[in-house]
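Order of the sequence lines sets the chain letters (A, B, ...), proteins ahead of strands, with each chain counted from 1.
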Amino acid sequence: MLSPKIIDIKEDYPGFKTYTLRHSLRAKPGQFVMVWMPGVDEVPMSIGWQTDTEFKMGIANAGDCTKAIHEKIKVGDRLGIRGPFGKGFKLREGDKKIVVIGGGYGTPPLLNLAQEAVKKGIEVLAIIGARTADMLIYEEEFKKLGCEVMVSTDDGSKGCNGFCTNVMEEALKNHKVDSVYTCGPEVMMVKVAEMAKDNDVNCEVSLERYMKCGFGICGQCCMDDTGIRVCKDGPVLDGVEALRLPEFGKYHRSSSGVRVE
Amino acid sequence: MNLSVNFCGVNFPNPTVLASGYLGVTGSSMANCINHGCGGVTAKSLFMEERLGHPNPTVLTYPGGMINAIGLCGEGIKKAGHEFELYAKQCPDNPLIGSVAGHSIKDIVECAEIMDSYPVDLIELNFSCPNVEDEMGRPIACDPIMTENATREVRKITKKPISIKLSPNVPNIGMIAKHAEEAGADAITAINTVGPGMLIDIYMRRPILANKVGGIGGQGIKPIAVRCVYDIYKNVKIPIIATGGIINGRDAIEMLMAGGSLLGIGSALTYHDMKAFEMITKKIHNFMEEEGFEDISELVGLAHNS
Ligand SMILES: Cc1cc2nc3c(=O)[nH]c(=O)nc-3n(C[C@H](O)[C@H](O)[C@H](O)COP(=O)(O)OP(=O)(O)OC[C@H]3O[C@@H](n4cnc5c(N)ncnc54)[C@H](O)[C@@H]3O)c2cc1C
Ligand SMILES: Cc1cc2nc3c(=O)[nH]c(=O)nc-3n(C[C@H](O)[C@H](O)[C@H](O)COP(=O)(O)O)c2cc1C
Ligand code: FES
C-alpha cells in the first residue's frame, strides 16, 4: 500500500474534483489504482494526467467513499493507493490519427492516453461529452496538448446538441481515423464500439465492474461469458471482443455477485 | 504416464483444483480457469443468505503472502444455481466442487441440501466461519465434536461425496480430520487460511483491512500447510485436497508427498496468473518422468515412508 500526499485539489465542477498526488506511478494510460479512504472504503480510480513525479485522478462524487474523499481530503493529506493495475490502452504502430471519446469520469484516462499519443506524434481528436456546459472537463488540457477538441452537451449549452456519439459519426465521415478509444457510460461505449466496427476502425473500450482485489484473484469483476477479469485482462478491451460479451451494455454484478440490470 | 486422479469416484483430468474463494464467483470465471489448464474447480463458499461482505480493502498482498477479509460475500445459495449450471454445461469433463458455509449446523445442512440439487460432483463444507451456536463463536472446524456432528448431519442429506475443509488454527488438525472421517466424510480439504493476521499502514496509522484482521494465505504458509496435510494423512484413510501456499510445481509435489491427492491452487495465481495451472501440472509431469514414476498416485504420501 502506497500513501502519497495530495499536493493539489481542483474543483472542476460541483461534484467533480481533480486530485494531484506526489508519486511517480509510471502507469500505462488506461490502467487504474485502488484508492483507499481509511475508515470508509477502497474504490477503483483511473489514472489521469501523469508526470515523472506526480499523477492526477479525477474523482466524481458518486457515493459513500467518493463523497468522503471530496469532503475530508485536503491538500497535504494522504490517500492509500494500490496499483497500478490492469491492462491499459494500446497505441498501434503506424496509427496517424486517433479519436478519444468519452465523458464524465471517463475523461481522465483519455487525457493520459492523449498525452502519450501526442508524445509519439499521433494526431488526436478528443470528443468530450457532458450533460451541460458547466460539467465539461479537461477541454483546456486537451487543447494545451495540441489535440483538436469537439464538444457535445445533452442540453446544447455548448458545442453539439446531443450525444457525443453523433459527433463521432461525423468525425468518422470527415477524417481518416485509425483508432478510437473510449471510456464513459457503458451504453455510450457500446454505441462507439458498434460504430467503429461498422466503419472497420480499430477500437478499444475501458470497462468498469465491481472490484475487490484489483489484481485478478477474487473473481468479483469477471464478465460473462468468457469469464475475463476486468481488473486484470481489462479494464481496456478490444471493442469487437467487448461486443461479443453478452453482459456488455446489459448488466453487471454487485458486491455480493448478484446481477444488476 | 498418468496424471489424472480418481478422487472419491470422480475423475479429475489433472491434480490441480481451483481453491474456494479464488475466481469462483461466476460459472464463466471458473470455466475460464479450465480453459487455462485447471483440472477441476471449487466455487466460492455460499451461505443461505446474500452477503455483501466487508467493505474494501479486503485483499492485500505483502512480501511472502496475502491477507484477506472478503467477508464471505456471495449471492446466496438459492440465487447461485444458474452459475453452476452454466459451468457444468461448458466444462462437463472437469469436476465442480460446491462449497457451503453457514452460521450454524442447521444453516449448513439447509445450504448443503440445496447444493445437492445443483450439478456439483462434490460438496465441500467450509467449517471455518464463526459459529453462532458456540458460545465462543468458534468455527466448527476448531472443535472435533462440532466437526463430527456437523459432518454427520450433512451426511444424512446427500449421497454426493463430501469433503470437510479444515482450519490450520488448531493444535490437533489430524484428530479433527479423524472425527470428520468417522462421521462419514469422504475427503478432507486442508488448509483454510492461517491467522487471523493484521497489517498496519504506518502513514495512515491504522489497520489496512476494513475488517482489521484477515486470513493469511500464500507462500509463507506453505510449511504449515505441508505439516497439516502430513498430520491428516497419518490420521485418516480418506483422500485430501491439499491446499495452502502452493505457488509452483515444487510446492505441489511437496504437498503430494505429504499426502495430498489433489492440489488446491489459489495463491499461485498471484505469482503466475492463469498460467499457474499448466505450469504446475507440467512440472509434476517432468518430475515424474525424471524420477521414474508412472502414476501420480505413487507420489501421494511418499514422505511418510522414510
Ligand atoms: C477501472 C475503473 C476505473 C474508474 N475510474 C474512475 C475515475 O477515474 N473517476 C471516478 O470518479 N470514478 C471512477 N470509477 C468509478 C468509481 O470506482 C466509483 O464511482 C466508486 O467506486 C464509487 O464508490 P462510492 O463508495 O463513492 O459509491 P457507492 O455508494 O459505494 O456506489 C456507487 C456506485 O459505485 C460503484 N462502486 C462502489 N464500489 C466499487 C468498487 N469497489 N468497484 C467498482 N465499482 C464500485 C457501485 O457499483 C455503485 O454503482 C472507476 C471504476 C472502475 C472499475
Ligand atoms: C480472497 C480469498 C477468498 C477465500 N474465500 C474462501 C471461501 O469462500 N471458502 C473457503 O473455504 N476458503 C476460502 N479461502 C481460502 C482458500 O481457499 C485457501 O484455503 C487458502 O487461501 C490457502 O491457500 P493459498 O495459500 O493458496 O491461498 C479464500 C482465500 C482467499 C485468499
Ligand atoms: S477485482 Fe478481484 S478479480 Fe478483479
Where on [X] is there a heavy atom nearer than 4.5 Å to chain B: the side chain, the backbone, both, or neither?
| X | result |
| --- | --- |
| A:R78 | both |
| A:V43 | neither |
| A:S255 | both |
| A:M223 | backbone |

(message) Please rank A:C221, A:G257, A:C218 by heavy-atom pairs under 4.5 Å with chain B and give me the top one.
(response)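 Top option by heavy-atom pairs under 4.5 Å: A:C218.
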Could you tell me which non-hydrogen atom of [X] sits nearest to which non-hydrogen atom of [Y], and how far apart they are?
| X | Y | answer |
| --- | --- | --- |
| A:G227 | B:N32 | O-ND2, 3.4 Å |
| A:S3 | B:Y203 | OG-CD1, 3.3 Å |
| B:E50 | A:S254 | OE2-OG, 4.4 Å |
| A:F215 | B:T270 | CE1-CG2, 3.5 Å |
| B:M204 | A:G80 | CE-N, 3.2 Å |

Would you indicate whether [X], at its atom [atom1], is surrounded by more than 12 heavy atoms from other residues, nucleotides or ligands within a distance under 6.0 Å?
| X | atom1 | value |
| --- | --- | --- |
| A:K17 | NZ | yes |
| A:R92 | CZ | yes |
| A:K87 | NZ | yes |
| A:K191 | NZ | no |

So which of [options] has the biggest tally of heavy-atom pairs under 4.5 Å with chain A?
| options | value |
| --- | --- |
| B:T58, B:L199, B:L269 | B:T58 |
| B:T61, B:L86, B:V25 | B:V25 |
| B:R206, B:M66, B:M274 | B:R206 |

Between [atom1] on residue [X] and [atom2] on residue [Y], distance to nearest 0.5 Å:
| X | Y | atom1 | atom2 | value |
| --- | --- | --- | --- | --- |
| A:R259 | B:E83 | CZ | CD | 6.5 Å |
| B:D201 | A:M1 | CG | CE | 6.5 Å |
| B:N68 | A:I217 | CG | CD1 | 7.0 Å |

(request) Kindly say whether B:N56 contributes a backbone atom to a donor-acceptor pair with the side chain of A:D41 at under 3.5 angstrom? (result)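 Checking the backbone N and O of B:N56 against the side chain of A:D41, a donor-acceptor pair under 3.5 Å is found.
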(request) Ignoring hydrogens and angles, tell me if any N or O in the side chain of A:S256 forms a donor-acceptor pair with the backbone of B:C73 under 3.5 Å. (result)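 No.
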(request) Return yes if a side-chain donor-acceptor contact under 3.5 Å exists between B:S28 and A:D224, otherwise no. (result)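 On atom types as modelled, these side chains qualify, holding a pair under 3.5 Å.
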(message) Which atoms of B:H82 are under 4.5 Å from chain A, going by heavy atoms: the side chain, the backbone, both sets, or neither?
(response)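 For B:H82, the side chain is the part near chain A, not the backbone.
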(message) Between A:E42 and B:I208, does the side-chain contact (heavy atoms from CB on, under 4.5 Å) criterion hold? Intermediate values first, please.
(response) CA-CA 10 Å; A:E42 186 200 41; B:I208 305 174; over 6 Å; no
(request) Among B:V59, B:I70, B:L60, find the residue that satisfies the side-chain contact (heavy atoms from CB on, under 4.5 Å) test when tested with A:C213. (result)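 The side-chain contact (heavy atoms from CB on, under 4.5 Å) with A:C213 is passed solely by B:V59 among B:V59, B:I70, B:L60.
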(message) I'd like to know if B:D273 and A:R229 make a salt bridge, using a cut-off of under 4.0 Å between side-chain N and carboxylate O.
(response)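 Looking at B:D273 and A:R229, the cut-off is met.
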